[in-house]
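Every chain is numbered from 1, with letters handed out A, B, ... down the list of sequences. Excluded from the calculations below are hydrogen atoms, water molecules and symmetry mates; all remaining heavy atoms, backbone and side chain alike, are included. Because the structure is predicted, anything quoted here is derived from the model rather than measured.
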Protein chains: 2
Amino acid sequence: MTVNKSPRKHIILKEAASLFREKGFMASTLRELAKRSGVQGGSIYHHFSSKQEILYQIMDYTMTSLIYKLDAEIKDIKDPLKKLRKAIKFHIEYHVTDTDETFVTDTEIRSLDNENLEKIQEKRSVYEGKFIKILNNGNSAKTMAISNTKIAAMAILQMCTGVSYWYKKDSHLKIDDITEQYVNFICWGVAGKSI
Amino acid sequence: MTVNKSPRKHIILKEAASLFREKGFMASTLRELAKRSGVQGGSIYHHFSSKQEILYQIMDYTMTSLIYKLDAEIKDIKDPLKKLRKAIKFHIEYHVTDTDETFVTDTEIRSLDNENLEKIQEKRSVYEGKFIKILNNGNSAKTMAISNTKIAAMAILQMCTGVSYWYKKDSHLKIDDITEQYVNFICWGVAGKSI
DNA sequence: TTAACAAACTAACGCTTGTTAGGTTTTGTA
DNA sequence: TACAAAACCTAACAAGCGTTAGTTTGTTAA
């Protein structure tokens, strides 16, 4: 989110994430998005060049944030298991904070144009690579016992990303409790055979 | 799949699952589906009353199969941990066998009309309930230590369903290897604190 | 006050899509 | 073989959608 983001543009992006989550990108119309954002359909084009650009901006911002913020969270941690705990905690908290954006980013890959698709796929790969690296380090340190770290990373990410599918802001479940359960489950899972 | 399923209807359903997976339901057109199925657009209406019905039939068949076949796999197993292993193995194998159908069933919930949505949600809930029950039994038997079996069941299912997102039939990965990794990861994860 | 610019409205365009209706061809059965 | 049903083709309809172009409105600086 750059500092010079106009209020309306910001509103449109937030409403877009909500609408896309609710109906899917293709089933969402600009007329409805405009209505929800407080303008008329054609006005969207003052802020965005196309419907596709709205989707891309949501997804690109989300992936970029995930990558940079994950780094900030784990860069000073040496122990792989501790690093993994922190990474999982971060991932879940991010997905629980921006549920609409993260859900859309995870589910609307197919709606991207080819050019945008490549860019987002690249960032997904970078993000996933950070988890693979942690798992590889855990294997090296003998505190984890994973046969295929790529599959394990995918499994872990899919499971944790899944929180954005069901979590509701008004849920009685506390984020820390959810996080704790996922972290424990995963850490026992990766450590299992090395105990 | 009933015995009297006409060949063309069967082809259309298979092609629909493939097309919907590739482009999403809303971005898929009946003209393209017809083309892929070897007929013209209007001919689809000889076999299905609407585009929505095609989607519903794919999803309903998949959910119904999952429910009944899971039961058949685990009904004679008493030990909760063994039962869980079998359930996970079944789930992954099903998702790896019908990757298109399972992927569509998991991702196109939002494309369902309200009436169809309720029916599919109900079946999803039934299926999920079977996993929750296994976990509850594991807790009772003290071979699992899960604070919230509902969350754990969701996490497990999301992770295992995720296989249909990335698995490719021509993959060098053997299904048994994949299954083994998931089963081990999960069983260590659920058993962790009870060890 | 005036001019410039940003933001928004509005009508309409061109295209696409699910679907229908009527006609033709193919298949199955007596 | 004849007939009916199933399957398919085809043209077209009605609705909707992303987008464009022109106009209007509000704001700001000179």
Side-chain angles (χ1 to χ4, degrees), chain A residues 1-60 104 108-117, chain B residues 1-59 104 108 110-117:
Chain A
M1 235 30 114
T2 60
V3 211
N4 65 352
K5 172 73 45 86
S6 71
R8 185 73 71 188
K9 184 167 182 174
H10 180 72
I11 290 170
I12 292 171
L13 283 170
K14 289 302 295 185
E15 294 297 330
S18 176
L19 177 62
F20 295 167
R21 177 201 184 111
E22 185 184 323
K23 300 193 173 179
F25 178 73
M26 292 304 296
S28 302
T29 68
L30 287 184
R31 286 170 176 79
E32 180 159 10
L33 174 58
K35 185 176 176 185
R36 291 184 181 201
S37 306
V39 294
Q40 299 295 315
S43 305
I44 301 274
Y45 289 90
H46 181 75
H47 304 274
F48 301 94
S49 61
S50 65
K51 187 183 181 187
Q52 173 71 204
E53 195 202 331
I54 301 174
L55 179 65
Y56 175 71
Q57 283 200 19
I58 292 171
M59 295 171 78
D60 186 58
V104 168
E108 295 291 344
I109 300 284
R110 288 171 300 171
S111 301
L112 290 169
D113 290 348
N114 286 345
E115 184 184 336
N116 292 337
L117 176 61
Chain B
M1 236 28 116
T2 60
V3 212
N4 65 352
K5 174 72 45 85
S6 72
R8 185 71 70 188
K9 183 166 182 175
H10 180 72
I11 291 170
I12 292 172
L13 283 169
K14 288 302 294 186
E15 292 297 331
S18 176
L19 177 61
F20 294 167
R21 177 202 183 111
E22 185 183 325
K23 299 194 173 178
F25 176 73
M26 292 303 297
S28 303
T29 68
L30 288 183
R31 285 171 176 80
E32 180 159 10
L33 175 57
K35 186 175 173 185
R36 291 184 181 201
S37 307
V39 294
Q40 299 295 316
S43 305
I44 300 274
Y45 290 90
H46 180 75
H47 303 275
F48 301 93
S49 60
S50 67
K51 188 183 180 187
Q52 173 72 204
E53 196 203 329
I54 301 175
L55 179 65
Y56 176 70
Q57 284 200 19
I58 292 171
M59 294 170 78
V104 167
E108 294 292 344
R110 287 172 299 170
S111 300
L112 289 169
D113 289 347
N114 286 346
E115 183 184 336
N116 292 337
L117 176 61

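Across the protein-nucleic acid pair, A/Glu32 atom CD and D/dG18 atom P stand 11 Å apart, rounded to whole Å. Atom CD in B/Gln40 sits about 18 Å away from atom P in C/dT20, given to the nearest Å. For A/Lys9 and C/dA6, the NZ to C1' distance is 14 Å, given to the nearest whole Å. Atom CG of A/Leu33 is separated from atom C1' of C/dA8 by 15 Å (rounded to the nearest Å). Computed from coordinates, the A/Asp113 CG to D/dG18 C1' distance equals 13 Å when rounded to whole Å. Between the NZ atom of A/Lys35 and the P atom of C/dA8 there is a distance of 18 Å, given to the nearest Å. Look at NZ on B/Lys23: it is 13 Å from P on C/dT16, rounded to the nearest Å.
From B/His46, atom NE2 reaches atom CD1 of B/Ile44 across 11.5 Å, with rounding to the nearest 0.5 Å.
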Could you go over nucleotides 3-7 of chain D and give all protein N or O partners under 3.5 Å, atom names and distances?
{"unit_1": "D/dA7", "atom_1": "OP2", "unit_2": "B/His46", "atom_2": "NE2", "d": "2.4"}
{"unit_1": "D/dA7", "atom_1": "O5'", "unit_2": "B/His46", "atom_2": "NE2", "d": "3.1"}

What are the atom names and distances for every N/O pair under 3.5 Å that joins the protein to nucleotides 17-19 of chain C?
{"unit_1": "C/dG18", "atom_1": "OP1", "unit_2": "B/Ser28", "atom_2": "O", "d": "3.1"}
{"unit_1": "C/dG18", "atom_1": "OP1", "unit_2": "B/Lys51", "atom_2": "NZ", "d": "2.6"}
{"unit_1": "C/dG18", "atom_1": "OP2", "unit_2": "B/Leu30", "atom_2": "N", "d": "3.0"}
{"unit_1": "C/dG18", "atom_1": "N7", "unit_2": "B/Arg31", "atom_2": "NH1", "d": "2.9"}
{"unit_1": "C/dG18", "atom_1": "O6", "unit_2": "B/Arg31", "atom_2": "NH2", "d": "2.9"}
{"unit_1": "C/dT19", "atom_1": "OP2", "unit_2": "B/Tyr45", "atom_2": "OH", "d": "2.6"}
{"unit_1": "C/dT19", "atom_1": "OP2", "unit_2": "B/Lys51", "atom_2": "N", "d": "3.0"}
{"unit_1": "C/dT19", "atom_1": "O5'", "unit_2": "B/Tyr45", "atom_2": "OH", "d": "3.0"}

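Counting heavy atoms from C-beta outward, B/Gln52 and B/Phe25 have side chains that approach closer than 4.5 Å. Side chains of B/Ser43 and B/Arg8 form no contact here, defined as non-hydrogen atoms less than 4.5 Å apart. Side-chain contact check for B/Asp113 versus B/Tyr56: every heavy-atom pair is 4.5 Å or farther apart.
Side-chain N or O atoms of A/Lys23 include none that pairs as donor or acceptor with a backbone N or O of A/Thr29 at under 3.5 Å. Side chain of A/Glu108 to main chain of A/Arg21: no donor-acceptor pair is present (N/O by atom type, distance under 3.5 Å, no hydrogens or angles). Here the side chain of B/Gln57 pairs no donor or acceptor atom with the backbone of B/Leu13 at under 3.5 angstrom.
Smallest separation of non-hydrogen atoms from A/Ala17 and A/Val104: O-CG2, 3.6 Å. Considering every non-hydrogen atom in both B/Ser111 and B/Leu55, the closest pair reads CB-CD2, 3.8 Å.
Side-chain nitrogen and oxygen atoms of A/Ser43 include at least one within less than 4.0 Å of the OP1 or OP2 phosphate oxygen of C/dC9.
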